[in-house]
Amino acid sequence: MEEAVAPEAHSSEEEPDPATAPEDGRPGDGPAPAPGGETPGWLSQVPYFLVLATMAAGIVVVAAAYFKRGPALIAGALLLAAAFRWLLPPEKIGMLAVRSRWVDIATVTVLAVALIVLAWVAPQLSA
């Protein structure tokens with residue numbers, strides 16, 4: 001004779017769903033809020049967008065026929081990128097981190113110095 005098998009009721013001893021449980025393993029209504037040390041994904045891109053906006057401003061200045069001021073502004077953006085890369089931790093640097101820290105800093109600094117030199121030696125165009 002076979003016994004009827006009733007569907008199992010959910011007990012409190014079951015393991016919580018990992019998608020909705022906080023990281024400490026206690027059951028809860030949703031994921032735990034980010035601890036103070038973690039940066040939201042979009043916030044780590046702010047230094048990149050600041051550098052990008054400064055470069056865009058430099059390109060606009062070049063387009064307005066200021067061939068010495070524009071590259072100087074772009075060089076300033078590159079130096080800003082180098083400063084961000086040097087001072088900010090890796091989890092807060094976003095897309096400015098391409099290679100190792102020192103390679104990124106050296107590359108961007110060399111490009112900035114080259115732009116400053118080129119802007120300095122370029123002949124002034126007369127209007």
Side-chain angles (χ1 to χ4, degrees):
M1 188 148 121
E2 294 182 27
E3 294 182 22
V5 178
E8 290 184 28
H10 292 286
S11 68
S12 61
E13 296 175 1
E14 289 182 3
E15 291 193 45
D17 183 10
T20 60
E23 291 180 19
D24 62 359
R26 294 179 297 163
D29 292 339
E38 288 187 25
T39 304
W42 65 270
L43 195 56
S44 67
Q45 300 306 327
V46 169
Y48 175 72
F49 289 123
L50 287 173
V51 171
L52 198 63
T54 308
M55 283 201 163
I59 291 170
V60 167
V61 170
V62 169
Y66 293 102
F67 297 108
K68 288 191 173 242
R69 293 180 191 158
L73 192 56
I74 295 171
L78 291 172
L79 290 174
L80 180 66
F84 280 149
R85 187 69 174 107
W86 183 33
L87 298 173
L88 293 176
E91 63 272 0
K92 294 186 179 184
I93 199 63
M95 291 193 303
L96 286 177
V98 178
R99 296 164 216 90
S100 71
R101 174 176 280 189
W102 298 112
V103 171
D104 283 343
I105 292 171
T107 303
V108 173
T109 303
V110 166
L111 288 173
V113 169
L115 264 174
I116 290 170
V117 169
L118 287 173
W120 187 23
V121 299
Q124 182 68 33
L125 296 177
S126 59

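When the side chains of ILVMFWY residues are joined at heavy-atom separations under 4.5 Å, either directly or via intervening members, I74 and L118 end up in two distinct hydrophobic clusters. I93 and V51 fall within a single hydrophobic cluster, where Ile, Leu, Val, Met, Phe, Trp and Tyr side chains are chained together by heavy-atom contacts under 4.5 Å. There is a path of hydrophobic side-chain contacts, each under 4.5 Å, that joins W102 to L87. In the hydrophobic clustering of this structure, L111 does not group with V117; members are Ile, Leu, Val, Met, Phe, Trp, Tyr whose side-chain heavy atoms approach within less than 4.5 Å, directly or through other members. Under the 4.5 Å side-chain heavy-atom criterion for Ile, Leu, Val, Met, Phe, Trp and Tyr, I105 and V108 are members of distinct hydrophobic clusters.
Put simply, CG on L52 and CG on L80 are 11.5 Å apart, with the number rounded to the nearest 0.5 Å. The CD1 atom of I116 sits 5.5 Å away from atom CG of L79, with the distance rounded to the nearest 0.5 Å. In this structure, T54 OG1 and I59 CD1 are separated by 11.0 Å, a value rounded to the nearest 0.5 Å.
Residues L73 and Y66 form no side-chain contact, since every pair of their non-hydrogen atoms from C-beta on lies 4.5 Å or further apart. Proximity of R101 to P90: side-chain heavy atoms (C-beta onward) are separated by under 4.5 Å at one or more points. At least one side-chain heavy atom of L43 sits under 4.5 Å from a side-chain heavy atom of V46.
For the pair R85 and R99, the tightest heavy-atom approach, listed with the atom from each and the gap, is NH2-O, 3.1 Å. Taking every heavy atom of both residues into account, W120 and K68 meet most closely at O-NZ, 3.1 Å. Taking every heavy atom of both residues into account, A72 and A119 meet most closely at N-CB, 4.5 Å. The heavy-atom pair separating G70 from V62 by the smallest distance is CA-CG2, 3.5 Å. Among all heavy-atom pairs drawn from S44 and E91, the shortest one is CB-O, 3.7 Å.
Surrounding CZ of R69 are at most 12 heavy atoms belonging to other residues, nucleotides or ligands under 6.0 Å away.
Remark: side-chain polar atoms of D104 are paired, donor with acceptor, to backbone N or O of V98 under 3.5 angstrom.
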